[in-house]
Structure formats: structure tokens, C-alpha cells
Amino acid sequence: MRKAVFRSLIISIVVTLGVSMIIFSYCFINFTVKETEQELLRSLSVMDYSLDYEEDIQEQVQALLPAVLDGKGRITVTDITGQVEADTSGKIDLAENHMNREEISEAAETGTGLAIRRSSTLQTELMYAAVVSKDGEHILRLAVPYNGRTIFVGTLFAVLFIGAAVSGIAAYILARRLAFGITKPLSEISDELLKVKRGDEKLDFKDYKYEEINNIICAADRMSERVEKTILGLQAEKNKVEYILDNMSDGIIFIDGKGKVININKAALEMLGSNLSAGENIVMYTSEVNIWEGVEKADEKGQDSVFDMKCPGNRTALVHIKSIAGDGEVSASVLLTDVTTLRESEKMRQEFFSNASHELKTPLTSIRGYSELLSGDMNFSDEQKKGFVERINKEAENMASLINDILMISRLENGDRCEEKTDIKLNAVVREILETEAPAVAKNNLPVINKCQNITVKGEYRYYYELLLNLIDNAVKYNKPGGEIIIDVFRDKKQRLNISVADTGIGISAYDKQRVFERFYRVDKGRNKKVGGTGLGLAIVKHIVGFLGGEIKIESEVGKGTTIKVKI
């Protein structure tokens, strides 16, 4: 530090001296040049009073030249229009009109003129000064050799060099003493403060002549006491946090930006099947790739991740990886919750729906058989028989549709594949559905605007068909007579598949929009009885979109219509 302070002081002094010398030289040279200009003007004034403009001017200026500036100058006299009447160079006959000379034209306008340039006659750099004569009919000009401002540097150099050398020596001595006086107390304070790091000695500072340094010592003493109390408090809090974490049923992991585990509790170690302590990279604790990728996304992209993970002992854990923004040490947290019981109950419920739907097929067959008997030999009128048959068939179709919908949802929840993936032309699927819906569309006089682009996707036909069918069927059922249906299927800039189905029907309230994707939920129960349906259409849509890894959004206003947008 002493060298740095000494070096800074020396640099400051040298820079200050250098700037001072430059400013002084500049001011002195400018002053000298101004004095030269004033001397020329004074000489011209004396010449003006010495000349008799009625006599031979050339002869007079030749006589005056030795007396003016030791004969080193050049004297020129012109009339007021710039025509040369006398010149000590002796080339009057060859001289051109001088009105274009800067000093001559300036003198003609203001009374005096000054200029510095190279003389074409004498082939040297000259300083010119010009004044209008006392009779107002002539202009007198005096020129002297001019070697530039650097001519004065040599005069100043010796004086400035000696002054700078003396000042530099004095500055060097003072800077060393000042640097030593400042850094010695700071060095002693630094040595004392290092005792805090060792934690085995009490601080003992001296009293110094600098009040500011004594203030630092007082502040350091107070800080030392506070640091000691803070460390004890932090240690106690750390012990509490570790106790709480280790006694939690959920697993907790904190990870820094390099993937290193900062803290991990016992529950997390059990779920991961690891016995390592904190300090290793996350890949050392688990072979679950989803955790690695989730931690990477949380750190680099700030994205959260949620997924299930199989744990030792045939258990299932819900893993929630959350990004922790900020400049702290922790970059991501991992929460592992044991959801084994919950997942088993969900699986049982799904199996129940699947089994129940299969069991309903037997009575459905029976209902259809009775309908055939009723249409045969039973003692009912033809009109009654026909009504019974139509009613039974309608209920049978509704039950079959319900069963199919429940089976569809069950397959989607279980992640089962409906069929092999094939190339699906979506515009052909839309046309097929519109042909199916044609009677209802014609009945309600619904214009259909089909904007479906010629897009082919690789997937399971049944899922895409059910997705589009339910969206279009709802747009038909819940529309107003004479309304409009707009179907749009396209790919966006990110090559994501966009499906949009809009209608101008009854619309959905804000409350209903929150529940419209629930199973069996009906927005308008009275209308639903008239138009039919199982109440599972949008639930199936939501499950299909989730199965395909997409997202769904609904926009609606009561009385104006509904638009459902899907991105896959």
C-alpha cells in the first residue's frame, strides 16, 4: 500500500507540475507575442509622425529602416486603395496591389491590421502590422521575421527545467514521508484486524495523531463486537434450520448455479436413495435425468419444473424444481413430496371408471334387444312402439357415447396410446367432421368459415379427430341460429400447431370459464338436454391437449360467443 500511496502522490505532483509548466509557458509565449505586436504598432505610429507624405516617401522609409527594430524589418507604404508607393525591398515597380493582403484590408476597415504569413517577396515567415496614416490617405505596414511561438521555448526551458528538478526532489522527499505516515498506522490496524479471522485474540489498537484513523479504530472495535454476536446468532439459526429440515417429511435440496448441492435433508436423501452429504454435484445423488434437466432449466432459463419420480421402495415422489432469482448463492430448490398414496388412489379411481364403462356395455346390448322386441310383436300401438324405440335408441346412443368418452379420458390419464402414429392431414379431418355436422349446421343456418391450412402432423388419428370433433361440435351446439363458426388451423413462427374454433353463440361467463373443463360440468343444463351431449367434450379436449404436450386457452363473452385456442 505504501508504494501505491507514494506512487500516487508522485504522479499527482508530477502531473501538477507539468500542467503548471505548460500553462505558464503558454501564457508567457502569448504575452510575448502580444508585446511584439504592440511594439510593431508603436513603431508604425512613430513612423507615421516622422513621414512627410508630400515629399519622396521611398527615400524617407529607406532612411527610417535602420532606426526601426534595428533594421530587421520591412517597411511598406500604400495609398488607401492598396497601391504600393514605397517599399524597403526596392521592388515598387513589380509590387501588385496590396489590398488583398489581410493586414492591409483589415487596417483599411478598422484602422489597424495584424497577420502572420510567409512573404512571397522575401521567402520567409513574417509578422505584419499595418495602420492608416494620420492624413487618412495612406497605409503604413511593418513586417519583421517571425519564427513561431517555439522561439521562446528555448528561453524558458532552462528556467523551467531547474524549477521542475528542484520541485521534483522536494516532492519526492515529502511524498515518501507522507506515504510512510499514512500507511504505517493502516498497516498496524490491518495486522490487528487479522486477529478477528483467527478468533483467538482480543483487538488492541494504538492511538494515532490522525483523528480519521482513530475513528476507523473505534468503528472497527464496534464492528468486531457486532460480527462476533452475528456469527453466534447465525450459528444458532443454522442449527435450528438444519433441525427443522432434517425432521421434515418432505425432501428439500438447495443447489447453486454450478449444480452443487448446498443443503440436503434426510428425507431427500432417502427419496433419492443416496447417503452423500452436501457439497457434491446433483448428478452424484440421483440418476434421474429429469432432475438434472430441471435444475439446468431453473438455473439458465428461470423455468420451474414439476414431475413424478419413482423412488426406492416402490414409492412415488412429486418433484417441484423452482428457480430462485437474485444474486444469492442458491440458484434452485428441489422439493420432493411423497405422493405414493395419492397416486395409487388416482390409479384406482381411473381403473374404476374403466371397469364401470366396460360393465355398462352389457345392459346397453340388452336395451337394444328390447327395442327390437318392442318394434315387433308387443301389444302396443304403432305410434307408441315407435316412440319407445326412438327413446330407447336415443338413451342407448347417449350411454354408448358416455362410455366412449369415459374410456377416452381414462386412456389419456393413463398415458395409453390409442393407436399407431400416422401422417394425419388435418384439413381432411376438418372436412370429415363438417360433413358429419352438416345437418345440424344446415338446420341452424350456420355459415362455416374454414381457414384450415394444408397441414400434416405425425400422431394418433383418434386423438386429433376427437379434439377437432369436440371443438367443432360445441361450436355448432351452443351457437345461435344464423350465427357463424370460424375454424382456423395453422403453424406459427415457432412451428407450433395452432387450432382455433370460434362461434357467435351463447358465450360462457367468467365463473363458468373456470370450471368448463371439469368432467360432466354443463354451462347451460337446460340447453344441454335439448342438444344432447355427455358433458365430457371439453374435458376430453383438455386431456388430449395435455397428452400431446400442448396448452389450451378459452376466450368468451356471454351473448357474443366463444373462441377456444389450442397450441401443440
Side-chain angles (χ1 to χ4, degrees), residues 394 397-398 401 404-405 408 424-457 459 461-493 496-513 515-517 521-542 544-545 548 550-568:
K394 184 177 180 180
E397 289 174 0
N398 288 339
S401 178
N404 290 331
D405 289 347
M408 175 67 72
I424 306 167
K425 294 184 177 181
L426 296 181
N427 55 354
V429 176
V430 172
R431 285 198 302 269
E432 181 182 349
I433 294 170
L434 289 177
E435 289 176 3
T436 305
E437 298 285 345
V441 169
K443 180 180 178 180
N444 293 291
N445 189 24
L446 299 173
V448 178
I449 301 174
N450 184 6
K451 298 181 179 179
C452 180
Q453 297 180 4
N454 187 18
I455 295 174
T456 301
V457 296
Y461 179 84
R462 183 63 181 172
Y463 288 148
Y464 282 95
Y465 180 85
E466 288 291 336
L467 172 64
L468 290 165
L469 175 63
N470 281 289
L471 292 177
I472 296 172
D473 188 55
N474 277 357
V476 173
K477 288 179 179 178
Y478 297 99
N479 215 324
K480 297 176 181 178
E484 187 179 67
I485 299 173
I486 302 174
I487 304 167
D488 194 6
V489 181
F490 62 94
R491 288 194 184 276
D492 57 22
K493 294 180 179 179
R496 297 182 66 181
L497 178 64
N498 285 253
I499 300 173
S500 173
V501 178
D503 64 63
T504 56
I506 62 174
I508 304 173
S509 67
Y511 172 76
D512 288 328
K513 277 197 291 186
R515 303 189 59 191
V516 74
F517 292 109
Y521 186 80
R522 303 176 190 273
V523 175
D524 187 344
K525 295 179 175 60
R527 182 182 179 90
N528 223 287
K529 290 179 180 179
K530 296 178 183 179
V531 300
T534 63
L536 294 173
L538 288 181
I540 291 173
V541 169
K542 181 180 179 182
I544 292 174
V545 172
L548 297 175
E551 57 187 44
I552 187 169
K553 181 180 180 183
I554 186 167
E555 299 173 357
S556 184
E557 187 175 349
V558 176
K560 292 188 176 181
T562 302
T563 300
I564 299 179
K565 298 179 179 179
V566 174
K567 285 187 178 182
I568 300 173

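Because the structure is predicted, anything quoted here is derived from the model rather than measured.
For the ring-ring contact (aromatic ring centres under 6.0 Å, His included) test, no residue two or more places apart in sequence or in another chain qualifies with Y464. By the side chain to side chain donor-acceptor pair (under 3.5 Å) test, N444 is found to be paired with no residue, residues two or more places apart in sequence or in another chain being considered. For R496, the salt bridge (charged side-chain N to carboxylate O under 4.0 Å, His left out) partners are E551, not counting sequence neighbours. Legend: residues meeting side chain to side chain contact (heavy atoms under 4.5 Å, CB included) with T456, ordered by chain and number and at least two apart, are D423, K425. K565 pairs by the salt bridge (charged side-chain N to carboxylate O under 4.0 Å, His left out) definition with E555, not counting sequence neighbours. In terms of the side chain to side chain contact (heavy atoms under 4.5 Å, CB included) criterion, residue partners of E557 (sequence neighbours excluded) are, by chain and number, K560. Under the rule for a salt bridge (charged side-chain N to carboxylate O under 4.0 Å, His left out), K493 has no partner lying at least two apart in sequence or in another chain. With sequence neighbours left out, the side chain to side chain contact (heavy atoms under 4.5 Å, CB included) criterion links V448 to L434, V441, I485, I487. In this structure, T563 has no side chain to side chain donor-acceptor pair (under 3.5 Å) partners at least two apart in sequence or on a different chain. A search for side chain to side chain donor-acceptor pair (under 3.5 Å) contacts involving N474 returns nothing, not counting sequence neighbours.
Between I564 and L538 the shortest side-chain heavy-atom distance falls below 4.5 Å. Side-chain contact check for L497 versus V489: some heavy-atom pair is nearer than 4.5 Å. Taking 4.5 Å as the limit, every side-chain heavy atom of Q453 sits out of range of all side-chain heavy atoms of N498. Residues P481 and N445 fail the side-chain proximity criterion, which asks for heavy atoms closer than 4.5 Å. Here the side chains of V429 and Y461 are in contact, with some heavy-atom distance below 4.5 Å.
In plain terms, the two heavy atoms of L446 and G482 that are nearest each other are CD2-N, 4.1 Å. Residues I455 and F490 come closest through the heavy atom pair CD1-CA, 3.4 Å. Minimum heavy-atom separation, S556 to G561: OG-O, 3.1 Å. The two residues V516 and K513 make their nearest non-hydrogen contact at CG1-O, 3.7 Å.
Sequence neighbours left out, the pairs with a member in residues 499-508 that pass side chain to side chain donor-acceptor pair (under 3.5 Å) are N479-T504. Listed by first and then second residue, the salt bridge (Lys or Arg N to Asp or Glu O under 4.0 Å) pairs involving residues 426-452 amount to none (not counting sequence neighbours).
Residue V566 forms a side chain to side chain contact (heavy atoms under 4.5 Å, CB included) with just one option from L548, I499, L468, and that option is I499. When N454, V457, L467 are each tested for a side chain to side chain contact (heavy atoms under 4.5 Å, CB included) with L426, only one passes: V457.
Atoms CD1 and CD1, from I568 and I552 in turn, are 9.0 Å apart once rounded to the nearest 0.5 Å. Considering NZ of K477 and CG of N470, their distance stands at 8.0 Å, rounded to 0.5 Å.
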